[in-house]
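Quick note: numbers below take in every heavy atom, side chains included, and nothing from hydrogens, waters or symmetry partners. Heads up: numbering here begins at 1 and tracks the sequence.
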Amino acid sequence: MKTKIILIAIIAFLMLHCSSEASNWSRISDLEGWWHFTVGDDENWAKQNVDVTDWDKIIAPRNWDDYYSSYNGYGWYRKTFDINWMPEEGEVALFLGYVDDVDEVFINGVKVGQTGSFLPNFKTAYGDERKYYLPIDLLKKEDNVIAVRVYDAGGPGGILRGNKIGIYHDNDYSLLSVDMSGSWKFSIHRERGFYDVDFDDSAWNRINVPGTWESQGYPGHDGYAYYRTEFTIPKKLENESLYLVLGKIDDFDKVYLNGEAFARTEYLDKYSRYRKYNSWQLYRVYPIPANKFKNINVIAVEVKDEQLGGGIYEGPIGIMTKRDAEVILER
């Protein structure tokens with residue numbers, strides 16, 4: 001048990017340190033402080049209108065053992081919150097810190113993510129920092145409700161720690177000339193020609209980009225997965241030097257534009273920051289060769305994840321001019 005606690009502290013420090021160096025987020029709702037809480041498990045507690053007047057109140061982030069000594073099992077957190085400033089567009093995310101062991105999160109009655117696996121196929125995710133990207137139209141200016149289902153198998157439990165948990169808006173959105181975040185086609189099965197422009201991806205599922213695939217219905221999946229999306233280039237950008245920005249990817253990627261491979265993780269060594277062991281921390285910023293665009297363009301991405309969270313997990317996602325891409329590269 002002591003070893004687990006030490007590992008939690010080390011992982012938390014490293015991940016918070018890395019994300020704070022490169023982040024450009026503004027907190028638009030503060031979720032620290034008192035939450036309604038109860039032990040037990042009931043799927044109805046995820047709904048927006050639930051009477052919690054007889055629930056206890058505890059502080060989050062904080063070890064729930066401070067309130068329920070040595071308790072292991074299920075617990076639910078609920079909190080009502082307002083938005084200080086409601087963005088009309090861009091990327092919005094929930095930063096929930098570190099949860100021991102598994103969590104499932106609902107906002108206004110809609111599931112927005114999960115990390116780890118509940119019983120009977122339990123898999124802990126105590127070392128993963130929780131960040132869930134949210135559709136802007138899911139949020140309201142006032143009276144939003146967040147519900148968090150947590151399962152703890154032993155040791156510390158609950159929403160343990162986090163660097164200012166809350167709802168955040170990504171300021172890097174303003175750098176994008178073409179926004180490519182949102183719903184992409186997704187599969188964990190390799191198919192011949194998946195990168196071709198005319199490939200039939202109608203049987204593929206959809207996934208929100210950015211965001212880990214574990215938090216979107218693929219818990220415990222390590223290995224390969226495949227993404228596809230379409231986009232157009234405005235005429236005003238035709239004479240610009242353009243870059244494809246794919247945020248951060250865990251762990252390795254190979255990128256195709258209109259059926260041709262043109263970028264991969266190893267190309268990041270030209271910025272003298274590429275190391276195989278920390279590729280998941282680096283922004284993917286790839287110069288696009290001239291005259292490669294069509295009226296409708298297709299991006300396909302092969303991702304290999306070795307462990308823990310996988311996928312195109314952090315933005316910004318889209319096309320930038322050279323000037324704006326250099327802002328990302330300098331981090």
Side chains of [X] and [Y]: does their closest heavy-atom pair fall under 4.5 Å?
X	Y	value
L94	L31	yes
V197	K294	yes
V92	P87	yes
D305	H221	no
K254	Y195	no
L160	P61	no

Should we say atom [atom1] of [X] is surrounded by more than 12 heavy atoms from elsewhere, each under 6.0 Å from it?
X	atom1	value
K236	NZ	no
N295	CG	no
I136	CD1	yes

Checking [X] now: which residues fulfil ring-ring contact (aromatic ring centres under 6.0 Å, His included) with it, not counting sequence neighbours?
X	result
Y67	none
Y313	none
Y151	Y74, F122

Report the distance from atom [atom1] of [X] to atom [atom2] of [Y], rounding to the nearest 0.5 Å.
X	Y	atom1	atom2	value
E326	T321	CD	OG1	8.5 Å
E306	D250	CD	CG	9.0 Å
Y286	R264	OH	CZ	9.5 Å
I312	I249	CD1	CD1	4.5 Å
I328	L282	CD1	CG	13.0 Å
I296	T232	CD1	OG1	7.5 Å

Check the angle between the aromatic planes of W184 and Y227 and answer parallel, tilted or perpendicular using the 30° and 60° thresholds.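 The arrangement is perpendicular - the two ring planes meet at more than 60°.
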Where does the angle between the aromatic ring planes of H169 and W85 fall among parallel (under 30°), tilted (30 to 60°) and perpendicular (over 60°)?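 H169 and W85: perpendicular rings.
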What pairs of residues pass the salt bridge (Lys or Arg N to Asp or Glu O under 4.0 Å) test when at least one of them lies in residues 66-81, not counting sequence neighbours?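 Of all non-adjacent pairs touching residues 66-81, those that pass salt bridge (Lys or Arg N to Asp or Glu O under 4.0 Å) are R62-D66.
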Could you name each residue pair satisfying salt bridge (Lys or Arg N to Asp or Glu O under 4.0 Å) that touches residues 33-61, not counting sequence neighbours?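 For residues 33-61, and leaving out neighbouring residues, the salt bridge (Lys or Arg N to Asp or Glu O under 4.0 Å) pairs sorted by first residue read D41-R149.
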Side-chain donor-acceptor pair under 3.5 Å between Y132 and D103, yes or no?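 Checked: Y132/D103 side chains pair up, N/O donor to acceptor below 3.5 Å.
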Hey, are N205 and Y218 close enough side-chain-wise for a donor-acceptor pair under 3.5 Å?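 The criterion, which ignores hydrogens and geometry beyond distance, is satisfied for N205 and Y218.
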I'd like to know whether W25 forms a side-chain contact (heavy atoms from CB on, under 4.5 Å) with K164, so could you lay out the CA-CA distance, the side-chain angles of the two residues, the decisive distance to 0.1 Å, and finally the verdict. CA-CA 11 Å; W25 296 86; K164 298 181 179 180; over 6 Å; no
I'd like to check the salt bridge (Lys or Arg N to Asp or Glu O under 4.0 Å) partners of K185; sequence neighbours left out, ordered by chain and number.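 For K185 the salt bridge (Lys or Arg N to Asp or Glu O under 4.0 Å) partners, ignoring immediate neighbours, are D201.
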Taking ring pair (Phe, Tyr, Trp, His ring centres under 6.0 Å) as the criterion, tell me which of W45, W34, Y77, W35 meets it with W55.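 Running ring pair (Phe, Tyr, Trp, His ring centres under 6.0 Å) over W45, W34, Y77, W35 with W55 returns exactly one hit, W45.
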With a 4.0 Å cut-off, would you call R27 and E32 a salt bridge?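 Looking at E32 together with R27, the answer is yes, because their closest N to O distance falls below 4.0 Å.
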Evaluate R190 against Y224 for side-chain contact (heavy atoms from CB on, under 4.5 Å), listing each step before the verdict. CA-CA 8 Å; R190 182 180 176 87; Y224 288 91; over 6 Å; no
